[in-house]
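Below is one structure, written out as structure tokens, with a few remarks after it.
To find a chain, count down the sequence lines: A is the first, B the second, and so on, and within it residues start at 1.
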Protein chains: 2
Amino acid sequence: MPTRNTVQRQIIAEGLRRLANHPTADEVYEAVREEHPGIGRATVYRTLSLLADEGQIGRVRINNGADRFDHRAFEHYHVRCTHCGRVDDVMVPVLDGVDEAAAGASGYRITGHTLQFDGVCPACQACEASSA
Amino acid sequence: MPTRNTVQRQIIAEGLRRLANHPTADEVYEAVREEHPGIGRATVYRTLSLLADEGQIGRVRINNGADRFDHRAFEHYHVRCTHCGRVDDVMVPVLDGVDEAAAGASGYRITGHTLQFDGVCPACQACEASSA
DNA sequence: CTTTTTGCAAACCCTTTGCAAGACA
DNA sequence: TGTCTTGCAAAGGGTTTGCAAAAAG
């Protein structure tokens, strides 16, 4: 099934590019809709998912929360602030050899992995300090 | 807030212990309810979450899926079959030093991490082979 | 008695789906 | 034209919440 190059696709990709930090599909929807009120929520969800599957954008699956998208497609990990929900990149080297190790240990054919950190972001650390 | 020792707590912990492999909260609910029809779904969700927070049981957060629980509390990783949804343990050594590295790279105070593998389980590999 | 918990049902969030109308190639 | 895609609204899965009644300490 050849994939078509629709206006919405452009708009959504562009919208994602402008939202700096790991927006959720709904945030992209809200943003895009300000300039293009006609666009449908389902289209945004479908398109982001499609682009992510094609590898054109990154998808960050968050434990217990909405998926987030990233206009940069290269693999990297993320931290999530357990106080405010903020998500940031973690520029730690990508784990090497773990997939093979996991394959050996489990018998699965491993296709990939997700590593997510939990923690408290600098801003929330500051709040804690001042309120304590 | 002192935590009380209720009948339901016992029943739920016991129910989890009997379900072998990483049941979801709803699976625990269904199982528990066979012997104790009066128990409420919300109670099961609340209790499992509570026990997990207390560290008495393990919680496996699955990308894009229901949380799963584990009566064993020690830290280990998991694989999820992208075909059938099955979840298994992966007995690979727990990552050492990544939390510190992530803290350094991000400025967060890191409290933990989650590593999840995706792949195809042995059974599904067999299906693929035979149907191809 | 006081405070935590429970059970119920309804609410909630995030996402997907069915389907007819519309847009691409 | 053929078939992808869209938009809409509704359904869906998983989990949480408000609240009065019940139970624990």
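- For the pair A:T3 and D:dT5, the criterion of a side-chain N or O lying under 4.0 Å from OP1 or OP2 is met.
- The two residues A:A25 and A:L48 have their closest heavy-atom pair at CA-CD1, 3.7 Å.
- Heavy-atom nearest nucleotides on DNA chain C were determined for B:G40 and for A:D26, and the one closer to the 5' end corresponds to B:G40.
- Contact annotation: A:Y45 reaches the phosphate of C:dT15 (side-chain N/O to OP1 or OP2, under 4.0 Å).
- Closest approach of B:G107 to A:Q125, counting heavy atoms only: O-NE2, 3.2 Å.
- Comparing B:N64 and B:T43 along DNA chain C, the residue whose closest nucleotide (by nearest heavy atom) sits nearer the 5' end is B:T43.
- Among the atoms of the strands shown, none is found under 4.0 Å from any heavy atom of B:G65.
- At a threshold of 4.0 angstrom between heavy atoms, the contacts of A:R9 are confined to the sugar-phosphate backbone, with no base atom among them.
- Nucleic acid contact for B:A42: base, since at least one base atom lies under 4.0 Å from a heavy atom of the residue.
- When heavy atoms are screened at a 4.0 angstrom cut-off, B:N5 is found touching the sugar-phosphate backbone but no base atom.
- Counting non-hydrogen atoms under 4.0 angstrom, A:D67 reaches the backbone sugars and phosphates but no base.
- Considering only side-chain N and O atoms, B:S49 lies nowhere under 4.0 angstrom from the phosphate OP1 or OP2 of D:dT15.
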